[in-house]
Amino acid sequence: MTVLSVNVNKIAVLRNSRGGAEPDVVQAARVCLDAGAHGITVHPRPDGRHIRTDDVLALAELTRQYGVEFNLEGNPFAPPRDAYPGFLALCEATRPAQATLVPDGDGQLTSDHGFDFHRDGQALVPLVSGLKALGCRVSLFADAHGPLRADDMERAAATGASRVEFYTGPYAEAFADGDPADMLGRFAAAAARAQAAGLGVNAGHDLSQANLGAFLSAVPDVLEVSIGHALIGEALYAGLDTTVRRYLAILRG
Ligand SMILES: CC(=O)[C@@H](O)[C@H](O)COP(=O)(O)O
Ligand SMILES: NCC(=O)COP(=O)(O)O
């Protein structure tokens with residue numbers, strides 16, 4: 001079964017909008033885990049707009065206590081800045097079960113593209129091996145919506161990473177436009193190529209209760225989805241516990 005990792009970035013957005021400690025990111029993560037979520041994801045950004053270093057440390061401890069996966073996302077090439085020690089330093093401090101490398105530019109509103117494995121593949125090799133030496137499974141954020149180059153997934157696998165996380169934003173847009181069939185075909189084909197190259201497939205970005213089921217029906221053997229923006233929004237109406245349980249029901253099919 002596909003596992004659910006809840007991204008709690010948006011809880012920190014709300015907290016930071018007023019300063020102080022509420023809503024409490026760790027308490028929100030605990031509610032998600034008590035509802036049955038399989039793990040917690042965060043993507044601390046160098047500008048500190050939501051998740052901060054102290055949140056990363058606290059969530060690493062919480063997930064350790066629960067014995068569930070902590071998935072830390074970030075750009076390993078972004079330099080340390082102010083209160084952000086850098087992605088690799090955070091991985092060293094917290095040893096997340098999964099490190100998801102994302103090629104975001106500084107100041108980007110949100111993640112909107114995966115790695116160019118032809119350009120970045122060689123540079124990723126030492127980073128992946130360093131993270132594996134820390135005990136992290138490594139996943140690489142990857143595009144699956146456009147035409148893949150013939151050996152894209154082979155190059156991703158050649159970095160030593162175990163998984164790719166497909167950037168699902170374009171699928172979510174196609175679904176919202178009422179015409180997701182072509183996009184689903186592209187993701188299914190990309191998944192087959194990743195799996196043939198020996199990579200496990202994760203997926204994330206703008207997945208929601210509305211669009212998740214169709215995605216998982218069309219794209220076989222997705223190992224993990226990380227979901228935050230829609231889930232936290234939906235939880236405003238239904239509550240966090242109920243919302244997480246609804247996602248888990250979708251994953252069970
Ligand atoms: C890597 C990814 O897909 C992003 O969705 C990310 O984790 C969300 O980041 P923000 O919450 O900063 O938009
Ligand atoms: N890796 C994707 C993620 O963690 C959550 O993305 P979103 O649901 O906030 O768009």
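Because the structure is predicted, anything quoted here is derived from the model rather than measured. Both ligands and their constituent atoms are indexed starting at 1 by order of listing.
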Q. Any idea which part of Phe141 is under 4.0 Å from ligand 1, heavy-atom wise: side chain, backbone, both or neither?
A. side chain

Q. Of the backbone atoms (N, CA, C, O) and the side-chain heavy atoms from C-beta on, which set of His50 has a member under 4.0 Å from an atom of ligand 1: side chain, backbone, both, or neither?
A. side chain

Would you name the heavy atoms of [X] and [Y] that are closest together and state the gap between them?
X: Tyr171; Y: Pro180; result: CE1-CB, 3.9 Å
X: Ala142; Y: Phe117; result: CB-CE1, 3.9 Å
X: Tyr167; Y: Ser111; result: CE1-O, 3.6 Å

Hey, which atoms in ligand 2 end up nearer than 4.0 Å to a heavy atom of [X]?
X: Asn7; answer: 3 (C), 4 (O), 5 (C)
X: Asp206; answer: 7 (P), 8 (O), 10 (O)
X: Glu165; answer: 1 (N), 2 (C)
X: Thr41; answer: 4 (O)
X: Ile227; answer: 8 (O)
X: Gly228; answer: 5 (C), 7 (P), 8 (O), 9 (O)

Side chains of [X] and [Y]: do they bring a donor and an acceptor to under 3.5 Å?
X: Gln209; Y: Arg246; value: no
X: Asp34; Y: Tyr66; value: yes
X: Glu73; Y: Gln98; value: no
X: Asn71; Y: Ser5; value: no
X: Lys10; Y: His229; value: yes
X: His118; Y: Asp151; value: yes

Q: Give me the ring orientation class for His145 and Phe187: parallel if the planes are under 30° apart, tilted from 30 to 60°, perpendicular past 60°.
A: parallel

**Q.** Residue part near ligand 2, for Glu73, under 4.0 Å between non-hydrogen atoms
**A.** side chain

Q) Using a heavy-atom cut-off of under 4.0 Å, does the side chain or the backbone of Lys10 touch ligand 2, or both, or neither? A) neither

Q.
Please determine whether side-chain contact (heavy atoms from CB on, under 4.5 Å) holds for the pair Val138 and Ser162, giving the CA-CA distance in whole Å, both sets of side-chain angles, and the decisive distance to 0.1 Å.
A. CA-CA 6 Å; Val138 180; Ser162 311; 5.7 Å; no

Q) If you count the non-hydrogen atoms of other residues, nucleotides and ligands that lie under 6.0 Å from NE2 in His113, is the total more than 12? A) yes

Q: Mark yes when over 12 heavy atoms from residues, nucleotides or ligands other than Gln122 sit less than 6.0 Å from its CD; otherwise mark no.
A: no

Can you tell me which residue and heavy atom of the protein come closest to [atom], and the distance to 0.1 Å?
atom: atom 13 (O) of ligand 1; result: Thr110 OG1, 2.5 Å
atom: atom 9 (O) of ligand 1; result: Arg45 NH2, 3.1 Å
atom: atom 5 (O) of ligand 1; result: His205 ND1, 2.7 Å
atom: atom 6 (O) of ligand 2; result: His205 CA, 3.7 Å
atom: atom 7 (O) of ligand 1; result: Glu73 OE1, 2.4 Å
atom: atom 9 (O) of ligand 2; result: His229 N, 2.8 Å

Run the numbers for me: atoms of ligand 1, each under 4.0 Å from some heavy atom of [X], listed by number.
X: Asn9; result: 8 (C), 9 (O), 10 (P), 11 (O), 12 (O)
X: Ser111; result: 1 (C), 2 (C), 3 (O), 4 (C), 6 (C)
X: Asn7; result: 7 (O)

Q: Please indicate whether any nitrogen or oxygen in Arg49 is less than 3.5 Å from any nitrogen or oxygen in ligand 1.
A: no

Q: Only heavy atoms count here, so choose which of Ser226, Ala203, Ala230 is nearest to atom 2 (C) of ligand 2.
A: Ser226

